[in-house]
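A quick write-up on the structure given underneath.
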Amino acid sequence: MQQPDKKVLLDMYSTMTKIRLFETEVQKFFGEGLIPGFVHLALGEEASATGTCAALKPSDMITSTHRGHGHCIAKGGDPKLMMAEIFGKSTGYCKGKGGSMHIADFNLGILGANGIVGAGGPLAVGAAFSCQYKENGGVCACFFGDGASNQGTMQESLNFASAWKLPVIFVNENNGYGISCPTSKSMAITNISDRSAAYGIPGATVDGNDVMAVYEAVSEAAKHAREGKGPTLIECKTYRWRGHFEGDPCVYRDDKELKEWMAKEPIGRFKKTLLENKVATEAELEGLKKKAEEEIAAAVKFAKESPVPKVDALLEDVYA
Amino acid sequence: MATKTFLQAINDALRLEMEKDPNVFIIGEDVGKFGGCFGVTQGLYEKFGERRVRDTPITESGIIGLAVGAAAAGLRPVAELMFVDFIGVALDQLFNQAAKMRYMFGGKAKVPMVLRMPQGAGVGAAAQHSQSMESWFVHIPGIKVVIPSTPADAKGLLISAIRDDNPVVFLEHKVLYGAEGEVPDGEYTIPLGKGDIKREGKDVTVVATSLMVKTALDAADVLAKDGISVEVVDPRCLSPLDTDIILKSVGKTQHLVVAHEAVKQGGAGAEIAAVVAEEAIGSLAGPIVRVGAPFCPIPFAQSLEQAYIPGVDAVVAAVKKTLA
C-alpha cells in the first residue's frame, strides 16, 4: 500500500492527541462533578478511531458507540460543540438533549453515538444501503465493541451487509472487556474477526494501538466496499485505560495488565515512527500538540461559559 | 373514485408514491416476487424492480434498522414486518433509535420512514400472529401511530405517512385486507392526526379503531332498532390523537364507549377514556365504558378465538351500560 502523504500522517497525530486531551479533560470535570450522567472514555483507544476515520472520505458516514468521543473527533467533530454537549449546555451538538452518549453531526456523516450496545449495526447497514441505492460511492464505518459483537443485532447486520454486498466497514474495537466481563468468558474465540468467515467476507485482526495498521486495514476495506464487493470485518485489539464508565472501580482487572497496555500506548508509538522515518521533527510535533491543547482549552472554556438549555426547549424537536 | 379492497388501496398508495418519489423503496420479508405475506406488495416488484422492492433476510432488527439508517441518510423507506407480533425482536430499532434520533440529536436528524405491520385476530393464527399492539407504540414519543379502518382511509393515510418526515407505524388489520370501499383516485391524502365521524348520532359516542369500527357500525345498526342513536368516531391515528373530534362528539352525546380489539387492560382506549375524563367529565351523563379483549393470550381454536374478539354484542352491551 502507498504511504499516505505527510498531511494525513500529521493529521492523525493531531487527532489522537486531541482525543487524549479531550478525554483527559472530561475525566477531570466528571470527577469534579461538573458533568452529569455517564461518561465512557476512550483513553488508550485513540488509534482505532483515528486510523479508521483517516481512511474515510469526509462524505462517508460512521455509526458510533457509547464510547464515542474519539470517533466523533476523528470524523471531524468540533470539540467545542462536543464539550458543550457533554456539559449539558444549549450550545452543544444536540442542544444539551443528548449528552455524551448521543453526539451526532449529520453534516460530517456522524450518524450518532449510541447508548444501546450493538444498535449501531443495523443503522450502519441502512446508511450503507443509502450509498448503494444512490450509487454515490459512499461507505459507512460501523464502530462496535467486543461486547456488542455478541449481540444479535451485530450478527444480523454482518449477515445483511454481506448478503447485499453493502459498503459497510465493521470496525470492532476489542478492548478485552464488556463492562467487567472479559472476552475469554463471553466468547469461545480469541479473534472476533474469525466471525467474518461465517459471513463470507474478508476479516482481519490488527494491532488497534497502531494507527497505521488500522489506517491500512480500513483503507483496504473502503476500497473493497467502494468497488461493490461488500463489507469487511476489522478487529482492532486495544485496551481502555479507564473503567467501562467513569467511577468504575475496575475490580475485574489488575494493574499489571493496565501497565502492559499503557506501555503500548498509541500516540507515543506513532510519534516515534514519525520521528524515525523523518516525517516530522520533534518541534513540528510539539507545535501540533500545542495547537491541540489550545483547541481543547477553548472547547472547555466554551462549554463552561455556555448557558444551560431553557426549559421551554423541553418539547422542541420531538417531531420534525 | 373506484371500488377497491383495503389491500388494493394500500398497494395503490405504495405504487403512487414510488412513481412520484425515487427515494421511496420497500423492504421486508417476501415483499418482492412473492408479493408480501398477504399480497399487499403484489406487482410492485415487477413494476419497480429489485432495487426498490427488496426481499430481506428474516432479520427484523435489521429490517427496521436498515430503514432507520437509510431514512437518516436521506431515503424514504417503507418497511414491512410480516406480523406486528414480530416487533418484539426488533423493538430497540424503533423505540430507542427511530423515535429518539431527532430529539436526542437536538433536532438535526429526520427519520422519514413508514413501518407497515399487519395485526389483529380472526384468522386462527393463535397467540403469536394475531395481536393488536397499538398501545405499545402510542406510549413512545417521537413516532406517529396510524390505524386505518377503511380502504379510502388506508390510501389517504399511507400516502401522508410516506410523505411525513417522522417515523410512522402503520397498522393494518389483516381481516380488513379484503374489505371493499370507494377509494378516491390519484394522490389522495388525509392529514395524520385527523379523526373521522363514521356515523353521526346523538345519544352515545363510540370511539373505535381498525376492524372495530365496522363492529361499532354494526352495533349502531342494532341499537338504532331500539331507538338509540350512536355516533361512531374513528380517530384513524392514535398518535397524534384527534382529541378535538372526540371531545366535540362527547360534548354532544354526553356518553362515551371506547372500543378496540386489543387487550382492554392498558389499551389505547384507556388513554382516550382518560383524556375525556380529564377534559370533559362534567359533560358526561354516564360512565365511560371500555370494550376490549380479555386479559389473556389469543387462543387458536375458533370457538375460543371468537369468544376472545370483542364483537357487536360487547359494543351493544357497553352502550346500554353507559346509557343505563
Side-chain angles (χ1 to χ4, degrees), chain A residues 61 63 81 85 90 92-99 101-107 109-116 118-135 138 140 142 151-153 155-161 163-164 166 309 313 315-320, chain B residues 22-25 27 50-52 54-77 79 89-90 92-93 95-113 140-144 164-168 192-193 239-240:
Chain A
M61 295 177 277
T63 60
L81 305 184
E85 185 59 35
S90 66
Y93 256 123
C94 312
K95 303 179 189 170
K97 287 178 171 172
M101 278 189 281
H102 305 298
I103 295 177
D105 185 340
F106 281 44
N107 292 328
I110 303 166
L111 299 183
N114 212 309
I116 306 297
L123 300 176
V125 167
F129 175 80
S130 78
C131 299
Q132 188 189 65
Y133 189 89
K134 294 177 190 165
E135 297 176 358
C140 184
C142 171
Q151 284 276 34
T153 46
Q155 308 310 319
E156 290 191 34
S157 301
L158 281 155
N159 180 64
F160 214 147
W164 286 16
L166 296 174
L315 298 182
E316 285 172 5
D317 296 323
V318 179
Y319 291 94
Chain B
N23 283 335
V24 176
F25 67 97
I27 53 162
E50 193 178 14
R51 178 172 167 269
R52 297 184 67 194
R54 205 135 179 213
D55 286 333
T56 64
I58 299 175
T59 186
E60 284 85 11
S61 278
I63 294 167
I64 300 180
L66 186 147
V68 180
L75 298 180
R76 212 166 266 279
V89 297
D92 180 70
Q93 290 295 328
F95 93 106
N96 269 326
Q97 312 300 328
K100 294 182 172 61
M101 267 192 176
R102 182 168 185 81
Y103 189 84
M104 71 185 178
F105 297 159
K108 284 193 294 280
K110 262 197 323 196
V111 188
M113 60 172 278
I140 305 169
I143 57 176
K144 296 185 179 181
D164 200 279
D165 281 337
N166 298 285
V168 180
L192 304 186
S239 188

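As the structure is a prediction and not an experimental result, all values here were calculated from the model. Lettering follows sequence order; numbering is per chain, from 1.
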With respect to chain A, which residue among B:G107, B:S61, B:A98 yields the maximal number of heavy-atom pairs within a distance under 4.5 Å? B:S61

Do the rings of A:W164 and A:F160 sit parallel, tilted or perpendicular, given the 30° and 60° boundaries? perpendicular

What residue, out of B:I63, B:D165, B:L75, has the most heavy-atom pairs lying under 4.5 Å from chain A? B:L75

Counting only heavy atoms from other residues, nucleotides and ligands, does the tally under 6.0 Å from NZ of A:K134 exceed 12? yes

If one checks every heavy atom of A:D105 against chain B at 4.5 Å, the contacting part turns out to be backbone

For B:P77, is it the side chain, the backbone, both, or neither that has a heavy atom closer than 4.5 Å to a heavy atom of chain A? neither

Taking the side chain as C-beta and beyond, is there a heavy-atom pair between A:K97 and A:E316 under 4.5 Å? yes

Contact origin within A:M61 toward chain B - heavy atom pairs under 4.5 Å: side chain

Side chain, backbone, both or neither: which part of A:A113 has a non-hydrogen atom closer than 4.5 Å to chain B? backbone

Which atoms of B:A67 come close to chain A, meaning under 4.5 Å heavy atom to heavy atom: side chain ones, backbone ones, both, or neither? neither

Evaluate B:I64 against B:M113 for side chain to side chain contact (heavy atoms under 4.5 Å, CB included), listing each step before the verdict. CA-CA 9 Å; B:I64 300 180; B:M113 60 172 278; 4.3 Å; yes

Out of B:N96, B:I27, B:V89, B:I143, which one racks up the most heavy-atom pairs below 4.5 Å with chain A? B:I143

Region of B:K100 in contact with chain A, defined by heavy-atom distances below 4.5 Å: neither

Between B:I58 and B:E60, is there a side-chain heavy-atom distance shorter than 4.5 Å? yes

